[in-house]
There are 4 protein chains.
Amino acid sequence: MAALLEAAIKVFAEKGYDAVTMTEIAARAGAPIGSLYQFFPNKETLADVLLVRISERMDEAFREIEERSPALTVPELVDALLGVLEQLQDERAAAATLIESLQETSTRAAELRLSRRRRLSRILLGLIEGLSQARAETMSLVVIQLMKIAAAQSAEPDPTVRQGMLRELRYLMCLYLNEKPLRTRSVDTPEGSLESPGCDEITDTSKR
Amino acid sequence: MAALLEAAIKVFAEKGYDAVTMTEIAARAGAPIGSLYQFFPNKETLADVLLVRISERMDEAFREIEERSPALTVPELVDALLGVLEQLQDERAAAATLIESLQETSTRAAELRLSRRRRLSRILLGLIEGLSQARAETMSLVVIQLMKIAAAQSAEPDPTVRQGMLRELRYLMCLYLNEKPLRTRSVDTPEGSLESPGCDEITDTSKR
Amino acid sequence: MAALLEAAIKVFAEKGYDAVTMTEIAARAGAPIGSLYQFFPNKETLADVLLVRISERMDEAFREIEERSPALTVPELVDALLGVLEQLQDERAAAATLIESLQETSTRAAELRLSRRRRLSRILLGLIEGLSQARAETMSLVVIQLMKIAAAQSAEPDPTVRQGMLRELRYLMCLYLNEKPLRTRSVDTPEGSLESPGCDEITDTSKR
Amino acid sequence: MAALLEAAIKVFAEKGYDAVTMTEIAARAGAPIGSLYQFFPNKETLADVLLVRISERMDEAFREIEERSPALTVPELVDALLGVLEQLQDERAAAATLIESLQETSTRAAELRLSRRRRLSRILLGLIEGLSQARAETMSLVVIQLMKIAAAQSAEPDPTVRQGMLRELRYLMCLYLNEKPLRTRSVDTPEGSLESPGCDEITDTSKR
DNA sequence: TATGAATGAGTCTTCATTCAT
DNA sequence: CATGAATGAAGACTCATTCAT
């Protein structure tokens, strides 16, 4: 069954929910269709179970970051977050189509999505002094979206563009999560070249 | 035919490319299936024509902003950009699935996508002193992604969350596009409430 | 309307009854579909009218041969018959598909087919002494079939094969229509090479 | 699957390739449409597989005749050949439409068609002394066409005409394949009735 | 319980035919 | 009467799902 889920993630990530047949998923896992239907009564259920599974992995990844977060600088945190979706490329791509194609997702998946957001909120609250609970939650949503944008760059064929985007998004996230980053920055990059600045140059003083 | 295109945009925006049947599109437009095929030889062509049509609208919107851009402050520019996709809600949603599901889009659609990006690059080059061409292009891609995130919020059922996200994204874009915004900001919002700051408060000095 | 019929013959000959659309026929004739339906209420009727038209042409060709037949030698007659379908290539090909695809043809077409056969019977009765009416009719059917085989060779891509087949069929028809052809032949081609013999060598003595 | 193929042969023979629906073939075999597509991915493939299957049967029949051929007199050979297509009535009719409607047939089908022709060539070479290879091949093509004409007579509703045609074609083939048949004939049928002569009367001296 | 062949509802697409202009 | 856009029934084909073995 683990093999079935892994196969499903891969195939959904490659082709999208509708373009994938149940037969193909089973074949990819080296299992007969009958077995697939033994575990998942229909395609929609499979998708939902998959979504839960993926959400669990992501939640776990966020949990680990949350654990390490007290010791992380902003750029380290940003890198950790970007690393999550880089690690879970297929999962992210699969989740994207599934959410797109499933009208309603299970409660469990929604819970996990909320959990992820809460973890990020807590991390942000710990990171930024004086942040209100409400704003932290909103910021979490934004950060998650920025992570998705970054992850989606893996589809970009031109490596120069891809690298540029990733650096830029890293910078943007640092900027977003930093208190007074520009003050720091104006000091660190006074020449004003405005060339895709690295996070570290901007924020290495904001150690926590 | 206009009715067919509008119907197609709506239905694709609602359900996604694969989940929509040609019959449904025709029905939505109040037309028989034959009429749909009179104008578009197949589903893929319909999708591509639609994509071009949508791209043209967006390019036009960007063109207007580009025209007005020399007179705009950063927050005004941000509002203008966010307004584009708010105006073209369905179009944006439809374009999203279509790009996702069409393996290859027509040259025309690619050209328009590039045109849009170029316009935004020019706007940014005019806005930010000393910006290199390359960085402007990367920033354009990021800004476009941020616009998409904002537009996607229309799916958010909770109006409080939706409003919060929009304000936050507006803030993020201002932050991103502003020279020295934080210096200003540290002055304007010293109380450290850190409650979703408005763009204007941050940037009213950056008049151009 | 003549243009429509001619176009129909050509297109049916090229692609076959089912593969041809009414629109295509009209287009080929440079006429609007409406006009096509003005003359022929539906595709089947068109086919039937076409079949009648083709039959009339063939009957006319047979009539001419019948007229000249008293002065013809067997090989001359054979050449005349083979020339008919060579002349009416498209007509023959069209008629073939139409007969194949129409379950029932009109009385008129049947009449003309019968007329053709009767003409050929009369020719044979005049050619072969002592031939009974019944046998002449059977032979006519066979000759017509042989003519069709020869005509169908126009589809043969290899020119060597095509030429060889035509010569052979010409020989076979001569053989079939000749009284004592082999006696003659054994005289004319005593060397027994048995290489595709020409009709004339065999039969030039059977002048009538 | 055998049932599907048999049903397909029957239905194609009756109505022709284009006029037959896949649903109809399945129904005729008492199978659901899905089963038909389980074995044959599309209509064209079905047609081609059918053509190969039919060609194999015919080739087998020719092989048997080739085997027996050294012991056969000309009329016996003619009867054997005519018997083949009489046996494979539906097959022949189906093959006719299929070849007509399929633009390109598989290599296998072409090979079998060639094999059949080669067998017949070998038979003729053994039958007729001094026959060149090239002429034998041309004659084979003609004989095959004559066989088809005979087989097509099964569509003739009038039994008198049908019988007459068959006898006549049998005579024609004997005439064609016989050395000196006419000499014999002029002896055997001096009464000049010229009533559809039997083969045997003509050729009983040509024992091999 | 495991398997994968069998099933048929549902999709895209075509094209003969109609009829408003 | 002439036109050709509009119509929708019908056909090829797919694939989620079932169930006999």
Side-chain angles (χ1 to χ4, degrees), chain A residues 1 4 8 15 17-27 29-47 101, chain B residues 1 3-4 15 17-27 29-47, chain C residues 1 4 8 11 15 17-27 29-47 101, chain D residues 1 3-4 11 15 17-27 29-47:
Chain A
M1 169 164 158
L4 287 170
K15 307 187 167 188
Y17 182 74
D18 288 285
V20 165
T21 69
M22 292 297 268
T23 305
E24 189 175 3
I25 296 171
I33 324 219
S35 298
L36 187 52
Y37 275 89
Q38 209 87 51
F39 292 110
F40 313 102
N42 56 51
K43 195 178 182 181
E44 203 176 333
T45 299
L46 165 62
S101 297
Chain B
M1 170 165 157
L4 287 169
K15 305 190 173 187
Y17 181 73
D18 288 292
V20 165
T21 71
M22 292 297 269
T23 306
E24 186 175 4
I25 296 172
I33 185 67
S35 298
L36 185 53
Y37 277 90
Q38 193 101 46
F39 295 108
F40 313 102
N42 55 52
K43 195 177 180 182
E44 201 177 333
T45 298
L46 166 61
Chain C
M1 168 164 159
L4 287 169
V11 188
K15 307 186 168 189
Y17 181 75
D18 290 284
V20 164
T21 70
M22 293 296 270
T23 305
E24 189 175 3
I25 296 171
I33 325 219
S35 299
L36 187 53
Y37 275 89
Q38 209 86 52
F39 292 110
F40 313 102
N42 56 49
K43 195 179 183 181
E44 203 177 333
T45 298
L46 165 62
S101 297
Chain D
M1 170 164 157
L4 287 169
V11 188
K15 306 192 173 183
Y17 182 74
D18 288 292
V20 164
T21 71
M22 292 296 269
T23 306
E24 187 176 3
I25 295 172
I33 184 68
S35 297
L36 185 52
Y37 277 91
Q38 193 102 46
F39 295 107
F40 313 102
N42 54 52
K43 195 178 181 182
E44 201 177 333
T45 298
L46 165 61

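Atom set for the values below is all heavy atoms of this structure, side chains included, hydrogens, waters and symmetry mates excluded.
One atom, CE of B/Met22, and another, P of F/dA9, lie 18 Å apart when rounded to the nearest Å. Here the C1' atom of nucleotide F/dT17 and the CD atom of A/Glu44 are 14 Å apart, to the nearest Å. The separation between C/Met1 atom CE and F/dC1 atom C1' is 16 Å, rounded to whole Å. Taking atom CD1 of C/Ile25 as the reference point, atom P of E/dC15 lies 12 Å away to the nearest angstrom. One interatomic measurement links the two molecules: CZ of A/Phe40 to P of F/dT18, which rounds to 16 Å at whole-angstrom precision. For B/Asp18 and E/dG10, the CG to C1' distance is 15 Å, given to the nearest whole Å. Atom P of nucleotide E/dA16 and atom CG of C/Leu36 are separated by 10 Å, given to the nearest angstrom. A/Leu46 has its CG atom 16 Å from the P atom of F/dC15, to the nearest Å.
Nearest heavy atom pair, residue A/Leu4 against residue A/Ala26, reads CD2-CA, 4.4 Å. The minimum heavy-atom distance between C/Tyr37 and C/Asn42, with the atom names listed, is CE2-CA, 4.0 Å. The two residues D/Phe39 and D/Met1 make their nearest non-hydrogen contact at CD2-SD, 3.4 Å.
Nucleotides of DNA chain E nearest to C/Ile33 and A/Pro32 differ in position, and the one nearer the 5' end is that of A/Pro32. Each of A/Val20 and D/Tyr17 was assigned the nucleotide of DNA chain F with the nearest heavy atom; the assignment lying further toward the 5' end belongs to D/Tyr17. Of the two residues near DNA chain E, D/Gly34 and B/Thr23, the one whose nearest nucleotide lies more 5' is D/Gly34.
Using Watson-Crick or G-U wobble geometry with both donor-acceptor distances under 3.5 Å, F/dA20 finds its partner in E/dT3. Here F/dG8 sits opposite E/dC15 as a Watson-Crick or G-U wobble pair (both hydrogen-bonding atom distances under 3.5 Å).
In this structure, C/Gln38 reaches the F/dA2 phosphate: one of its side-chain N or O atoms is under 4.0 Å from OP1 or OP2.
Nucleic acid contact for C/Thr21: sugar-phosphate only, since backbone atoms but no base atoms lie under 4.0 Å from a heavy atom of the residue.
The distance from the CD1 atom of B/Ile33 to the CD1 atom of B/Ile25 is 8.0 Å, given to the nearest 0.5 Å.
Nearest to the side-chain atoms of B/Phe39 among the listed nucleotides E/dT17, F/dA6, E/dA6 stands F/dA6. Taking the side chain of D/Tyr37 as heavy atoms from C-beta on, and the options E/dA5, F/dC13, F/dT3, the nearest nucleotide is F/dC13. Among the nucleotides F/dT7, F/dC13, E/dA6, the one closest to the side chain of D/Asn42 is F/dC13. Candidate nucleotides F/dA6, E/dT13, E/dT3 were compared by shortest atom distance to the side chain of A/Ser35, and E/dT3 ranks first.
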Subject >> Criterion side chain to side chain contact (heavy atoms under 4.5 Å, CB included) on C/Ser101 and C/Asp18, from CA distance to verdict >> reply: CA-CA 8 Å; C/Ser101 297; C/Asp18 290 284; 3.6 Å; yes
